[in-house]
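Below: one structure, written as structure tokens.
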Amino acid sequence: MAEDTPEAEQKSATEHKPVYYGDYLRLGQLLSCQHPESERLGRPAHDEMLFITVHQAYELWFKQIIHELGSVQAAFAGPVLDDRALTPVVRSLDRVREILRLLIQQIDVLETMTPLDFLDFRDLLYPASGFQSWQFRLIEIRLGLRAGQRVSYDGKGFNERLNAEDRARLTKAEAEPKLIEQLDAWLRRTPFLSHEGWTFEEVYRDAVRGQLEADAAQLAANRTLAESQREAQLKRLERELARFDALFDEASYEALRREGQWHMSRQALQAALLITLYRDEPACQQPFRLLSLLMDIDEEMTSWRNRHALMVQRMIGSRIGTGGSSGHDYLRAAADEHQVFGDLFALSTFLIARSTLPPLPKALRRAMGFSYEDAPDAA
Ligand code: HEM
């Protein structure tokens with residue numbers, strides 16, 4: 001029932017003042033942040049407003065992504081992640097993926113500006129560049145892009161092009177846990193890799209080895225391929241087999257890891273395989289969603305990089321960027337190299353058809369499921 005005494009009215013008025021739309025959103029401040037350089041210099045270029053608006057909209061969305069990643073990382077920060085906490089984690093990652101999709105679409109709006117329109121004000125932007133977006137770098141770092149993995153275009157890091165304040169923020173972020181590391185630690189704690197004498201490692205290794213060897217035999221017998229093609233493909237298969245075997249042997253795994261062929265830990269990747277293969281078991285359903293979302297996010301980031309690179313090629317051809325890079329060439333290389341969850345993608349090579357999947361022991365299936373048999377009302 002509503003309280004309507006004068007005291008109660010006064011109390012609610014001090015706790016919650018009526019809010020006005022424009023004040024709540026600080027529209028006065030927000031809408032006074034668009035200052036085209038071309039106007040300031042007395043040679044107004046109509047499209048610079050679009051250029052500023054699109055960039056600012058990006059930065060707002062980057063802020064939201066960082067906010068979501070913050071809560072995901074906080075959930076992963078403790079020694080244990082309660083399964084119930086996975087629901088908000090999955091929801092935040094889902095949101096990040098959708099925002100990234102939106103960011104790719106925004107390029108269409110920017111492309112209503114033609115290269116000639118852009119030239120009306122491009123010279124006024126030097127040496128500023130999206131390359132200096134600290135929020136974009138923070139997202140990359142938080143996800144787990146390694147400093148040594150970055151494509152460099154002048155032998156220097158991107159940090160060199162940032163002011164002291166932005167550089168300090170990112171240096172701090174580099175020292176903090178990355179989502180990929182937290183994921184690795186969480187996967188390593190997966191309880192179902194062994195159960196009462198049964199080990200995932202043993203049964204799965206045999207099943208996949210059999211599959212990869214059958215692929216090799218099929219390839220060797222394929223007379224439609226030229227000898228050189230067949231040999232090249234067989235070599236690739238052998239490499240994959242070695243990569244797979246290493247997942248079950250610490251010493252060879254570490255050797256491949258040092259070569260950069262794997263990045264996550266062996267135990268974490270085994271757990272990711274188990275979750276992917278047995279994703280229908282209730283205990284694996286949310287973890288599977290989580291892994292899929294991380295791959296989606298990686299994929300959307302790559303799609304954005306590719307889409308941005310294409311737009312840049314369309315806008316400036318093969319000119320160098322305002323930030324000084326080779327422009328399109330640098331951006332394409334970054335799109336190829338800046339994948340974070342590549343190990344999860346690589347696992348697909350080692351999946352086998354569900355029909356050939358080794359069955360889980362009964363007790364383990366029970367442990368991975370929801371059982372209502374002991375519930376008082378069970379029929
Ligand atoms: C006319 C439109 C645009 C052009 C011609 C353009 C051009 C470029 C170029 C040439 C680079 C490479 C660095 C350099 O030499 O400057 C770059 C990097 C970048 N730009 Fe853009 N850009 C445009 C729009 C945008 C928009 C709307 C965003 C959204 C925030 C953005 C974000 C970025 C980011 C984050 C990078 C760094 C990418 C990386 O290092 O992987 N750009 N841009």
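These numbers come from a predicted model, not from an experiment. Count residues from 1 along the sequence. First listed ligand is number 1; within each ligand, the first listed atom is number 1.
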Would you check if the side chain of [X] reaches a backbone N or O of [Y] as a donor-acceptor pair within less than 3.5 Å?
| X | Y | answer |
| --- | --- | --- |
| R279 | Q285 | no |
| D343 | H263 | yes |
| R189 | P79 | yes |
| S92 | V89 | no |

Of all the non-hydrogen atoms in the protein, which one sits nearest to [atom], and at what distance?
| atom | result |
| --- | --- |
| atom 32 (C) of ligand 1 | W304 CH2, 3.6 Å |
| atom 5 (C) of ligand 1 | F118 CE2, 3.6 Å |
| atom 26 (C) of ligand 1 | H55 NE2, 3.1 Å |
| atom 40 (O) of ligand 1 | Y330 OH, 2.6 Å |

2.8 Å cut-off (strict), protein N, O or S atoms about atom 21 (Fe) of ligand 1: 1
Any F158 heavy atom less than 4.0 Å to ligand 1: no
Applying a strict 4.0 Å limit to heavy atoms, is M311 in contact with ligand 1? yes
Is [X] salt-bridged to [Y], cutoff N-O under 4.0 Å?
| X | Y | answer |
| --- | --- | --- |
| R332 | D329 | no |
| R209 | D245 | yes |
| D108 | R307 | yes |

Closer than 4.0 Å to some heavy atom of [X] - which atoms of ligand 1 meet that?
| X | result |
| --- | --- |
| R137 | 37 (C), 39 (C), 40 (O) |
| M113 | 1 (C) |
| F51 | 1 (C), 2 (C) |
| F136 | 35 (C) |
| G327 | 10 (C) |

Which atom pairs, one a donor and one an acceptor, fall under 3.5 Å between side chains of residues 349-358 and the rest of the protein, sequence neighbours left out?
| from | atom 1 | to | atom 2 | distance (Å) |
| --- | --- | --- | --- | --- |
| T349 | OG1 | A346 | O | 2.9 |
| R354 | NH1 | D280 | OD2 | 3.0 |
| T356 | OG1 | A353 | O | 2.8 |

For a 4.5 angstrom cut-off between non-hydrogen side-chain atoms, does P361 reach E196? no
Working for salt bridge (charged side-chain N to carboxylate O under 4.0 Å, His left out), residues E98 and R95: CA-CA 5 Å; E98 292 311 317; R95 189 172 292 162; over 6 Å; no
Within reach of ligand 1, part of L110 (heavy-atom separation under 4.0 Å): side chain
Residue pair D117 / T114, side-chain donor-acceptor N/O under 3.5 Å: yes
With no hydrogens and no angle check, just 3.5 Å: does a side-chain donor-acceptor pair link E59 and S133? yes
Name the option, out of S325, A128, S326, that contains the heavy atom nearest to atom 14 (C) of ligand 1. S325
